*Asks:* 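Sharing a structure below in structure tokens format, with a few things to ask.
By convention here, the first residue in the shown sequence is residue 1. Basis for what follows: all heavy atoms, side chains included, without hydrogens, waters or symmetry-related copies. As the structure is a computational prediction, the values presented were derived from the model and not from experiment. Each ligand, and each atom within it, is numbered from 1 in the order the structure gives.
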Amino acid sequence: MRTVTILGATGSVGTSTLDLVEREPDRFRVRALTANCDVERLAAAAIRTRAELAVVADEACLPDLRDALSGTGIRAAGGATGIDEAAASGADWTMGAIVGCAGLKPIMTALRSGGVVVLANKEPLVSAGDIVLAAARDHHATVLPADSEHNAIYQCFDFDRPERVRRIVLTASGGPFRDWSSAAMRGVTPAQAVTHPNWSMGAKISVDSATMMNKGLELIEAARLFPVEHDRIEIVLHRQSVIHSMVDYVDGSMLAQLGPSDMRVPIAHTLAWPDRMPTPMPPLDLVAIGRLDFEAPDPARFPALRLARTALDAGGARPAILNAANEIAVAAFLAGHIGFLEIAAIVEHILDGYDPPAPTTLDDVLHIDGEARRRTDMRVKDAVV
Ligand code: NAD
Ligand code: MG
């Protein structure tokens, strides 16, 4: 029996995780589930899985959650302390599936409780990679990546002989606008940007996929997770999203992980790790897929790729600023306040004007993150006026 906690249980990754957990009630027992404010979904999942604790991050939603859970014996909690309690539930396995740097503190709490901590939530690794991984080491927690590319690399990477790895190749679908000119992208609407050709995901990561900032964040995520030099991580456009990433060895062998574009596959790998578990996925029909295409990405049309690469190479506070500015800019785009091409332009502007010293503590990162958000908010307001 493995005890499970899901941070961000009502989102896209959270729902996929619940689907797997609920298929094997003899194997998994749910400790805690959290959401921002989606009481209906959270309460329903908590009741179905007989969770011990359900938490809403937004305290204003707690009375509704209490109502929805009254008489069930499931404890309801709210706010940052409630999320912290869920993250510290001491579960054998915790999924970090909150979106954005809002997941950073909960992930740190989960790592301090030990066990297996699965990171779908990539933004904390981008902003505070060293700090997150140091906490894992100090508290003997195991970090497993659920992001499909990083999970693929994890499955192919020889951690005993990292010096034998020549390259990591991150695959990218290219998002819905991979064939669009910059001029055409200028008029992209939020509805167009959240419609991904291969994956069904939350709104923020869908927009990141459309700008290709998602691949930029994943480049930084890969540099955090795998002991290879930055210039040995390449990005290749692969439209079919069948190969989820590759590891190239010095002898000329390249290992790839293939699978359907369904997050339940990488999540199942982490949920059963080091074992394997069945999922409802049919075997890949390679004949139906027919061909696998690869192309070079175009940083001229997708400047987010260049911004992320530069932030990674410069290090220090740059990745945290990149991420925070992007979170605010994406939210502003989704709210209809700025245009699609302005997302990367605003991120670049914030990076150019803010250069604090490298963070060494969690508080440093949170301060830089907050200041970058404040500056981006102001920039967005200027853009609107
Ligand atoms: P989502 O928007 O669908 O879900 C986010 C979850 O976090 C929800 O449960 C929501 O209630 C909760 N949440 C939102 N804001 C919160 C806050 N301030 N405090 C606490 N909880 C909050 O997002 P998603 O698509 O499931 O993505 C989650 C994370 O996983 C992201 O970091 C994303 O980059 C990463 N990821 C997602 C996918 C995917 O297929 N969706 C794939 C790879 C990586
Ligand atoms: Mg990914």
Side-chain angles (χ1 to χ4, degrees), residues 5-19 32-43 45-46 54-61 65 77-84 86-87 95-107 109 118-127 144-154 170-175 194 196 198-209 212-222 225 235 238 241 243-245 257 259-267 270 323 326-327 330-331 334 369 373:
T5 283
I6 306 173
L7 306 170
T10 56
S12 165
V13 171
T15 305
S16 293
T17 309
L18 275 168
D19 177 78
L33 301 177
T34 81
N36 190 32
C37 183
D38 189 346
V39 167
E40 205 173 311
R41 229 178 230 237
L42 177 65
V55 182
V56 276
D58 184 343
E59 251 180 313
C61 309
L65 182 64
T81 52
I83 296 284
D84 210 51
M95 166 57 87
I98 291 173
V99 58
C101 246
L104 174 54
K105 276 190 179 171
I107 283 170
T109 301
V118 177
L119 298 182
N121 189 191
K122 65 192 82 183
E123 294 89 347
L125 270 179
V126 170
S127 295
L144 296 178
D147 207 350
S148 56
E149 296 77 3
H150 306 76
N151 185 267
I153 298 163
Y154 189 90
L170 273 179
T171 53
S173 70
V194 298
H196 195 277
N198 302 353
W199 297 88
S200 158
M201 309 183 286
K204 192 261 176 182
I205 185 176
S206 296
V207 175
D208 284 347
S209 298
M212 291 197 78
M213 182 60 90
N214 183 50
K215 212 49 58 179
L217 298 176
E218 290 185 353
L219 166 73
I220 301 174
E221 184 186 7
L225 289 169
I235 296 170
H238 166 51
S241 297
I243 293 182
H244 296 299
S245 279
Q257 185 263 356
S261 320
D262 189 309
M263 282 300 288
R264 286 177 295 182
V265 176
I267 295 168
T270 67
N323 178 69
N326 181 60
E327 284 193 35
V330 169
L334 284 169
D369 176 79
R373 281 167 199 271

*Asks:* Could you check whether any heavy atom of K204 sits closer than 4.0 Å to an atom of ligand 1, since that is the contact criterion I want to use?
*Replies:* no
*Asks:* Which one of I98, V126, N214 has a non-hydrogen atom at the shortest distance from atom 29 (C) of ligand 1?
*Replies:* I98
*Asks:* With heavy-atom distances below 4.0 Å as the criterion, list the atoms of ligand 1 near A120.
*Replies:* 30 (O), 35 (C), 36 (N), 44 (C)
*Asks:* So which N/O/S atom does D147 have closest to the Mg ion (ligand 2)?
*Replies:* OD1
*Asks:* Check whether any side-chain N or O of N121 sits under 3.5 Å from a backbone N or O of I98 as a donor-acceptor pair, and report yes or no.
*Replies:* yes
*Asks:* Out of D147, L7, D262, whose heavy atom sits nearest atom 44 (C) of ligand 1?
*Replies:* D147
*Asks:* When rounded to the nearest 0.5 angstrom, what distance separates CD1 in I205 from CD in E123?
*Replies:* 7.5 Å
*Asks:* Could you name the option among A97, A146, A9 that has the heavy atom nearest to atom 28 (C) of ligand 1?
*Replies:* A97
*Asks:* Counting only nitrogen or oxygen atoms and a 3.5 angstrom limit, does N36 reach ligand 1?
*Replies:* yes
*Asks:* Is it the side chain (CB and beyond), the backbone, both or neither of I205 that lies under 4.0 Å from ligand 1, heavy atoms counted?
*Replies:* side chain
*Asks:* Once rounded to 10°, what is the value of the angle centred on the Mg ion (ligand 2) between E218 OE2 and E149 OE1?
*Replies:* 100°
*Asks:* I want to check something: taking the side chain as every heavy atom from C-beta on, are I83 and K105 in contact at a cut-off of under 4.5 Å?
*Replies:* no
*Asks:* Evaluate the side-chain proximity of L225 to Y154: yes if any heavy-atom separation is below 4.5 Å, no if none is.
*Replies:* no
*Asks:* Quick one: does D147's side chain have a donor or acceptor within less than 3.5 Å of a partner on E149's backbone?
*Replies:* no
*Asks:* So is there a nitrogen or oxygen of T34 less than 3.5 Å from a nitrogen or oxygen in ligand 1?
*Replies:* no
*Asks:* Looking only at heavy atoms of V99, does any of them come nearer than 4.0 Å to an atom of ligand 1?
*Replies:* yes
*Asks:* Would you say that L18 contacts L33 through its side chain, given a criterion of any heavy-atom pair below 4.5 Å between the two side chains?
*Replies:* yes
*Asks:* Is there a polar contact, in the sense of an N or O pair closer than 3.5 Å, between V13 and ligand 1?
*Replies:* yes
*Asks:* Could you tell me whether some N/O pair between W199 and ligand 1 is separated by less than 3.5 angstrom?
*Replies:* no
*Asks:* Looking only at distances, can you tell me whether any N or O atom of G14, backbone or side chain, sits closer than 3.5 Å to an N or O atom of ligand 1?
*Replies:* no
*Asks:* Check the pair D38 / T10 against side-chain hydrogen bond (donor to acceptor under 3.5 Å, both in side chains), numbers first and verdict last.
*Replies:* CA-CA 7 Å; D38 189 346; T10 56; 4.6 Å; no
*Asks:* Record the part of M263 in heavy-atom contact with ligand 1 below 4.0 Å; permitted values are side chain, backbone, both and neither.
*Replies:* side chain
*Asks:* Is there a donor-acceptor contact under 3.5 Å from the side chain of S261 to the main chain of S241?
*Replies:* yes
*Asks:* For N151 and P145, indicate whether the former's side chain and the latter's backbone hold a donor-acceptor pair under 3.5 Å.
*Replies:* yes
